[in-house]
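Shown next, in structure tokens, is the structure this report addresses.
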2 protein chains.
Amino acid sequence: MAIISFRLNEKLFLRDPQSSELGQNIVCHSIALIDSIGFEQFTFKKLADKIDSTEASIYRYFENKHRLLVYLIDWYWTWIDYRIEFAIQNLRSPEERLQAALKVIIEEKKNDPGIAFVDEQALQRIVMAEFDKTYLTKQVDIDNKEGLFIPYKAVCKRLAEQIKMANPAYPHPHTLISTTMLSINHQLFYAQHLPSLTDLNKDSAKSHQALYEFCESFIFKAIKS
Amino acid sequence: MAIISFRLNEKLFLRDPQSSELGQNIVCHSIALIDSIGFEQFTFKKLADKIDSTEASIYRYFENKHRLLVYLIDWYWTWIDYRIEFAIQNLRSPEERLQAALKVIIEEKKNDPGIAFVDEQALQRIVMAEFDKTYLTKQVDIDNKEGLFIPYKAVCKRLAEQIKMANPAYPHPHTLISTTMLSINHQLFYAQHLPSLTDLNKDSAKSHQALYEFCESFIFKAIKS
DNA sequence: CTTTTTTTGATAGTATTGCTATCATAAACG
DNA sequence: CGTTTATGATAGCAATACTATCAAAAAAAG
């Protein structure tokens, strides 16, 4: 099996973390650490201690912890986009393509041994809990100009294209897709922590399935003319 | 016109900010300051300087800046819930009630002179940009147990009840409502900062209207049997 | 297999943040 | 008028978010 890696936006880092062992350690252990203590509590000092390195060394790779978070999340959406492309390649109708793409986005991730030094399950939890924080900032316009949100926007664009093909008259394809994506990123968190906001239950296998059914149903009903 | 004020959860503060001039100053100027520099950059020190007071004095009212943010946002949702109750009082059908409630939530806020020391427009922007940060934390379960999210959950519950009445067979009333609320809180931000994620345009008057139409349409299509 | 360059570690230092504690003064209250 | 209570002033502390310097180690180049 081929070992894949993604080339991410160079503005994300000062030195490419994929180019050295220390860099890979930073990425790999930052996922574990952010997943376990949350982004607010996460510091380069704590990470440095975990990997037996120093704060200064980590700063040589990432300008600050916000950029590191964006790096991880861009990796995630790049990976999702790649998997969607793969999943829809033999499907012709926009409806089938939408369904296949939704499945990729919503399904519970398994660790793919073909992918180096990334714990995809932990990363999915990070996306659920921290993704919004990457753009809900005062520097959003600068970050956006630097292309930091391209991978996420690419996934959304791909889905919106299928909506447009399924029903060219539907007036809100982008709004519908970004709403769906928000829902996907939040509902499983609600199931765990704020259950009164969702009908999904805590059981993870079932809730992923129920979430898929919810999204599929409301997308197709929304665009039906 | 009656001057209204809301009694909020006592866990939110150490001393009730509504009980003194300093407290009111803290609330009023924290809204302006968070709106202008964002929650990450916001500190009690900066707020103290603005109101010619001291850090120590502010800490007598709020345990930390997170609690202050939750206080502001709880105030907002309490106010919205109150206005929804008012707006739907003479409406009988769940459909009409849903529509009226949606309008209250989505419409561009105007400053209500009947409400003391709160800039509702700024607060709505804060809700858009910072609300998710109140619950996307590692302490979410503790905060939830202390009742910090009750006002938001109350709004969601009220809407979900109407969904259930409109179509008792619909299987995802809470998921549908919390998805709608997410969309409302994010789409206008997208229109300003990440326009490729939405079909709303930057013009605020039009975008509020278009957002209403989008939400109404997808809710009613979703629950149609 | 040296020499040079690059990368890392070690250490130090600084400004800011997120608090807590103490004490004097001012305001409010009885 | 005396006494709670609220505020301001100041100090201090540990942690955070960096930046700078220098030497050692590792990698690359000759």
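- Separating the NZ atom of A:Lys50 from the P atom of C:dG9 is a distance of 17 Å, rounded to the nearest angstrom.
- The closest side-chain heavy-atom distance from A:Pro195 to A:Tyr190 is not below 4.5 Å.
- Side-chain rings of A:Tyr152 and A:Phe131 approach one another, their centers coming within less than 6.0 Å.
- One can place CG of A:Leu14 at 17 Å from P of C:dT6, the figure rounded to the nearest angstrom.
- With distances taken from any side-chain atom of B:Ala56 to the nucleotides D:dG8, C:dA21, C:dT11, the minimum falls on C:dA21.
- Rounded to whole Å, the distance from CG on B:Asp16 to P on D:dA6 is 12 Å.
- In this pair, B:Phe189 and B:His193 present their aromatic rings tilted. The plane angle is within the 30 to 60° band.
- Within residues 57-70 of chain B, the residues having any heavy atom under 4.0 Å from DNA chain C are, by residue number, B:Tyr59, B:Arg60, B:Glu63, B:Asn64, B:Lys65.
- Geometric assessment of B:Lys65 against the ring of B:Phe42 yields a negative cation-pi assignment under the 6.0 Å and 45° thresholds.
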Nucleotides 24-30 of chain C: protein proximity per nucleotide (B base, S sugar-phosphate only, - neither; heavy atom, under 4.0 Å): -------
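- Distance A:Asp52 CG to C:dT7 C1': 17 Å, rounded to the nearest Å.
- For A:Trp77 and A:Phe149, the distance between ring centers is not under 6.0 angstrom.
- Less than 6.0 angstrom separates the ring centroid of B:Phe6 from the ring centroid of B:Trp75.
- Annotation: cation-pi pair A:Arg15/A:Tyr61 present, NZ/CZ under 6.0 Å from the ring centroid and within 45° of its normal.
- Among the nucleotides C:dG9, D:dG8, C:dT8, the one closest to the side chain of A:Ser20 is C:dT8.
- Using a 4.0 Å cut-off between charged side-chain N and carboxylate O, B:Lys133 and B:Glu130 make a salt bridge.
- Other residues, nucleotides and ligands contribute only 12 or fewer heavy atoms inside 6.0 Å of the NZ atom of B:Lys202.
- Protein atom CD of A:Glu55 is 13 Å distant from nucleotide atom C1' of D:dA20, rounded to whole Å.
- Of the residues in residues 31-47 of chain B, B:Thr43, B:Lys46 come within less than 4.0 Å of DNA chain C through at least one heavy atom, sorted by number.
- B:Ser53 has a side-chain polar atom (N or O) that falls below the 4.0 Å cut-off from OP1 or OP2 of D:dG8.
- Judged by distance alone, the side chain of A:His29 and the main-chain N or O of A:Leu47 form no donor-acceptor pair under 3.5 Å.
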What's the verdict on salt bridge (Lys or Arg N to Asp or Glu O under 4.0 Å) for B:Arg67 and B:Glu146, showing C-alpha distance, side-chain angles and the deciding distance? CA-CA 12 Å; B:Arg67 288 274 153 141; B:Glu146 292 196 6; 3.0 Å; yes
